[in-house]
Amino acid sequence: MEESVNSSSNIVAILIVGIYLTSASCLLVLMLSRVLKEKYEKEKYIYTSNTDELTKCLNRRAYDTDMEKLDLNTEWAYISLDLNGLKQANDSLGHSAGDELICAASNCMKFAFASYGKIYRIGGYEFVVLIQEIRIEYRFYITSI
């Protein structure tokens, strides 16, 4: 009789420990998922606040922040670009055609400059490329333009 009471007490104790461990595991998973969700939301907010919605280039806010951080004692290149004829395209073909022109131009800039520096859309049709790490292999090309 004593063995059956000890045996049933052991089973109850094992069940209680099992329920406790399961509950603790669920709470840990819940906490981890909340932390990861918060981290994702923060990264999404930072991306959205620094990215131009149309072109997916960096926006004026990111440009201003990076210009404030720019070390004037280091080598860097600043390339200013604007799209000629955008007003005529908007007036004659509509704003959706103008948007397509802006997107196509930004894609060309990304293709040409993304591996060298950051591309910003700072106005309607104004873009800036900021190259902060001047590598030896393309230093000649930048200075000779």
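What you see is a predicted model, and the numbers here were worked out from it, not measured in a lab.
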### Query
Listed by chain and number, what are the ring pair (Phe, Tyr, Trp, His ring centres under 6.0 Å) partners of Tyr63, not counting sequence neighbours?
Tyr120
To the nearest 0.5 Å, what is the distance between [atom1] ([X]) and [atom2] ([Y])?
X: Cys26; Y: Met31; atom1: SG; atom2: CE; result: 12.5 Å
X: Asn107; Y: Ile102; atom1: CG; atom2: CD1; result: 12.0 Å
X: Asp99; Y: Thr55; atom1: CG; atom2: OG1; result: 10.5 Å
X: Ser96; Y: Glu100; atom1: OG; atom2: CD; result: 6.0 Å
X: Leu81; Y: Cys108; atom1: CG; atom2: SG; result: 11.0 Å
X: Met109; Y: Ile119; atom1: CE; atom2: CD1; result: 8.0 Å

Could you tell me if the side chain of [Y] sits less than 4.5 Å from the side chain of [X], heavy atoms only?
X: Leu28; Y: Leu32; result: no
X: Lys69; Y: Thr65; result: yes
X: Asp66; Y: Lys118; result: yes
X: Ser49; Y: Arg61; result: yes

Hydrophobic clustering (ILVMFWY, side-chain heavy atoms < 4.5 Å, transitive) - are [Y] and [X] grouped together?
X: Ile122; Y: Tyr116; result: no
X: Tyr20; Y: Val17; result: yes
X: Phe127; Y: Phe113; result: yes

### Message
I need the minimum non-hydrogen distance between Trp76 and Gln132, along with the two atoms involved.
### Response
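For Trp76 and Gln132, the tightest heavy-atom pair comes out as CB-CA, 4.1 Å.
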### Query
Looking only at heavy atoms, what is the nearest atom pair of Leu86 and Leu101, with distance?
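Scanning both residues, the minimum pair turns out to be CD1-CD2, 3.6 Å.
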### Query
Who are the side chain to side chain contact (heavy atoms under 4.5 Å, CB included) partners of Leu30, not counting sequence neighbours?
Ser33, Arg34
### Query
For the side chain of Thr51 and the backbone of Thr48, is there at least one donor-acceptor N/O pair under 3.5 Å apart?
no
### Task
Among Val129, Val128, Ile131, Leu70, find the residue that satisfies the side-chain contact (heavy atoms from CB on, under 4.5 Å) test when tested with Tyr78.
Val128
### Task
Keeping to residues at least two apart or across chains, list the salt bridge (Lys or Arg N to Asp or Glu O under 4.0 Å) pairs with something in residues 37-54.
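Passing the test, one end in residues 37-54: Asp52-Arg121.
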